[in-house]
Amino acid sequence: MYGNAYIENDGKQTNSMFADEDPIKLAEFEARIAAGEKIEPQDWMPKEYRKQLIRMIEQHAHSEIIGALPEGTWITRAPGFRRKLALMAKVQDEVGHAQLLYSACETLGKSREQMVNDLIDGKSKYSNVFNYPAVTWADSAVIAWLIDAGAIVNQIANSKGSYGPYCRALERICAEESFHLKYGHDNVVFLATGTPIQRQMVQEALTRWWPPIMHFFGPSDKISVHTETLMKWKVKMASNDDMRQQFLNMYVPKIWDLGLVIPDPNLKKNEATGKWDYTEPDWEVFKQVINGNGPCNAERLAVRRMAEEKGRWVRRAILSKEKKYVAPLA
Ligand code: BYC
């Protein structure tokens with residue numbers, strides 16, 4: 001469905017990319033970025049910077065809203081009232097993150113309606129990880145701990161980036177994600193130190209989620225399409241492989257401390273390089289999943305489409321009410 005974009009969209013910076021840009025404005029823009037200034041919506045920016053930001057922020061917003069679905073399926077089945085309350089709060093936060101990010105993306109000129117339409121028409125991507133099912137309660141625990149941990153690694157780095165509205169949204173999101181991570185960690189620890197069946201359940205969930213988590217940081221730097229351009233413009237503050245390494249460094253020891261087994265026999269800290277060695281993730285599988293062919297892609301988009309259709313009357317009512325209210329003041 002989105003396959004061509006992945007293969008054909010070569011985001012690497014080329015001179016032709018700037019052929020129609022004013023060279024003086026471009027130089028000033030790049031000097032501002034190099035000096036660590038924030039770019040704001042009203043500022044001049046190259047078309048390619050705007051396009052890349054829209055692509056990335058929009059995908060991020062979609063990831064938050066679709067990301068609410070796998071865990072959301074556990075709200076009605078959460079083990080106990082307190083877990084249910086915490087999970088409901090987390091899922092609401094994720095939807096709130098999408099709102100913040102859609103707003104940040106709107107500052108670049110793409111309407112929320114267009115973004116939502118592109119999502120439900122299968123034209124926009126969202127994170128690979130949300131195309132897998134949360135099979136047991138332990139899956140929701142692993143998502144809340146490790147996917148949120150991965151997201152924090154990415155977002156803390158990028159919140160120091162160049163585009164003001166995205167950075168400010170990321171700062172707020174990270175504060176909430178830190179609570180999610182603690183909630184997820186508490187759930188995993190509870191299961192890992194529980195009965196043999198609970199232990200087995202969380203081990204199986206970790207085994208299921210490890211390959212998607214390794215994919216989560218994006219394709220290896222050797223094959224990443226956009227990293228070079230995005231890092232030059234400080235939209236991305238670390239490469240995909242660097243973020244993956246940072247995650248492994250922070251979380252592998254914690255997972256091992258719980259006596260859980262990570263399903264990668266090659267995973268070990270290489271004392272010579274100071275980096276983690278691991279089995280190269282299967283990038284063919286990744287490509288399939290992000291291009292519409294993962295286990296849950298169709299289901300995720302169907303739910304989003306249904307929500308859009310069922311909520312249409314609410315949006316109409318709010319908008320028409322707004323019109324009535326605004327008219328006398330105008
Ligand atoms: N999944 O050149 P590359 C959350 C695509 S939600 C899908 O390296 P880039 C949570 C990429 O778009 C937080 N697609 O790309 C929510 C590109 O395709 P196009 C999610 C991926 O942009 C609820 C192609 O592969 N976080 O935490 O330089 C509950 C080539 O890749 C993925 C974000 O969205 C992927 N994982 O770097 C719980 C962070 N990776 O567009 C938790 C924001 C790559 O050319 N995004 N692709 O067709 C980013 O930081 C960057 O976009 C990435 C990829 C690091 C992910």
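Counting starts at 1 for both ligands and their atoms, in listed order. All residue numbers in this chain count up from 1 along the given sequence.
Contact atoms of ligand 1 toward G67: 23 (C), 29 (C) (distance under 4.0 Å to a heavy atom of the residue). Per-residue contacts place F217 under 4.0 angstrom from the following atoms of ligand 1 (heavy atoms of the residue considered): 55 (C). Taking every heavy atom of V225 and a limit of under 4.0 angstrom, the matching atoms of ligand 1 come to 2 (O), 3 (P). Near H215, the atoms of ligand 1 lying under 4.0 angstrom from a non-hydrogen atom of the residue are 36 (N). Every atom of ligand 1 is numbered from 1 in the order shown, and the set under 4.0 Å from a heavy atom of D148 is 38 (C), 42 (C). Of all atoms in ligand 1, numbered sequentially from 1 with element shown, those under 4.0 Å from a heavy atom of E71 are 29 (C), 38 (C). Remark: ligand 1 atoms within the under-4.0 Å shell around heavy atoms of S224 are 2 (O), 3 (P), 8 (O). Listed by number with element, the atoms of ligand 1 under 4.0 Å from a non-hydrogen atom of A151 are 27 (O).
The option with the heavy atom closest to atom 54 (C) of ligand 1, from among H226, H62, K236, is K236. If you check each of A98, A144, G218 against atom 40 (N) of ligand 1, the one with the closest non-hydrogen atom is G218. When Q155, Q59, M231, K125 are ranked by how near their heavy atoms come to atom 41 (O) of ligand 1, first place goes to Q59.
With a 4.0 Å cut-off on non-hydrogen atoms, F286 touches ligand 1 through its side chain and not its backbone. Of all the heavy atoms of V129, none lies under 4.0 Å from any atom of ligand 1, so neither backbone nor side chain is involved. Contacts with ligand 1 closer than 4.0 Å are made by side-chain heavy atoms of N154 only, the backbone lying farther away. The proximity of I290 to ligand 1, defined as any non-hydrogen pair under 4.0 Å, is limited to the side chain. The proximity of E58 to ligand 1, defined as any non-hydrogen pair under 4.0 Å, does not occur for either the backbone or the side chain. When heavy-atom distances to ligand 1 are checked against a 4.0 Å cut-off, E94 comes that close only through its side chain, counted from C-beta outward. Looking at F130 against ligand 1, only its side chain comes within 4.0 Å, counting heavy atoms. Residue contacts with ligand 1 for R55 involve side-chain atoms from C-beta outward but no N, CA, C or O (heavy atoms, distance under 4.0 Å). Residue contacts with ligand 1 for H60 involve both N, CA, C or O and side-chain atoms from C-beta outward (heavy atoms, distance under 4.0 Å). Residue contacts with ligand 1 for H97 are absent, since no atom lies close enough (heavy atoms, distance under 4.0 Å).
Ion pairing between E309 and R312 fails under the 4.0 Å rule for side-chain N and carboxylate O. No salt bridge links K182 with D148; every basic N to acidic carboxylate O contact stays at or beyond 4.0 Å. Using a 4.0 Å cut-off between a side-chain N of Lys or Arg and a carboxylate O of Asp or Glu, K90 and E94 qualify as a salt bridge. Comment: E228 does not engage K232 in a salt bridge, judged by the lack of any side-chain N to carboxylate O separation of less than 4.0 angstrom. Using a cutoff of 4.0 Å between basic side-chain nitrogens and carboxylate oxygens, K123 and E58 are not scored as salt-bridged. Classification of D257 and K254 as a salt-bridged pair fails, no side-chain N sitting under 4.0 Å from a carboxylate O. Using a cut-off of 4.0 Å between Lys/Arg side-chain N and Asp/Glu carboxylate O, E308 and R305 are scored as not salt-bridged.
Counted by atom type alone, D118 and Q114 present one or more donor-acceptor pairs between their side chains at under 3.5 Å. If you check the side chains of N266 and T279, you find a donor sitting under 3.5 Å from an acceptor. For the residue pair Q203 / T207, a side-chain donor-acceptor distance below 3.5 Å is found, with atom types taken as modelled.
Put simply, no part of H180 is less than 4.0 Å from ligand 1, judged by heavy atoms. In this structure, N158 has a heavy atom closer than 4.0 Å to ligand 1. The closest approach between Y166 and ligand 1 falls below 4.0 Å for a heavy atom of the residue.
The one candidate from L248, L267, D282 that meets the side chain to side chain contact (heavy atoms under 4.5 Å, CB included) condition with M214 is L248.
Using the six-membered ring where Trp is involved, F247 and W210 have ring planes that are tilted, between 30° and 60° apart. Using bins of under 30°, 30° to 60° and over 60° for the plane-to-plane angle, the ring pair W145/Y251 lands in the perpendicular bin.
With hydrogens and angles ignored, the 3.5 Å screen pairs a side-chain donor or acceptor of E106 with a backbone N or O of R112.
Here's the thing with L230: none of its N/O atoms is less than 3.5 angstrom from an N/O atom of ligand 1.
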query = Can you list the steps and then say if T107 with Y166 is a side-chain contact (heavy atoms from CB on, under 4.5 Å)?
reply = CA-CA 10 Å; T107 65; Y166 188 42; over 6 Å; no

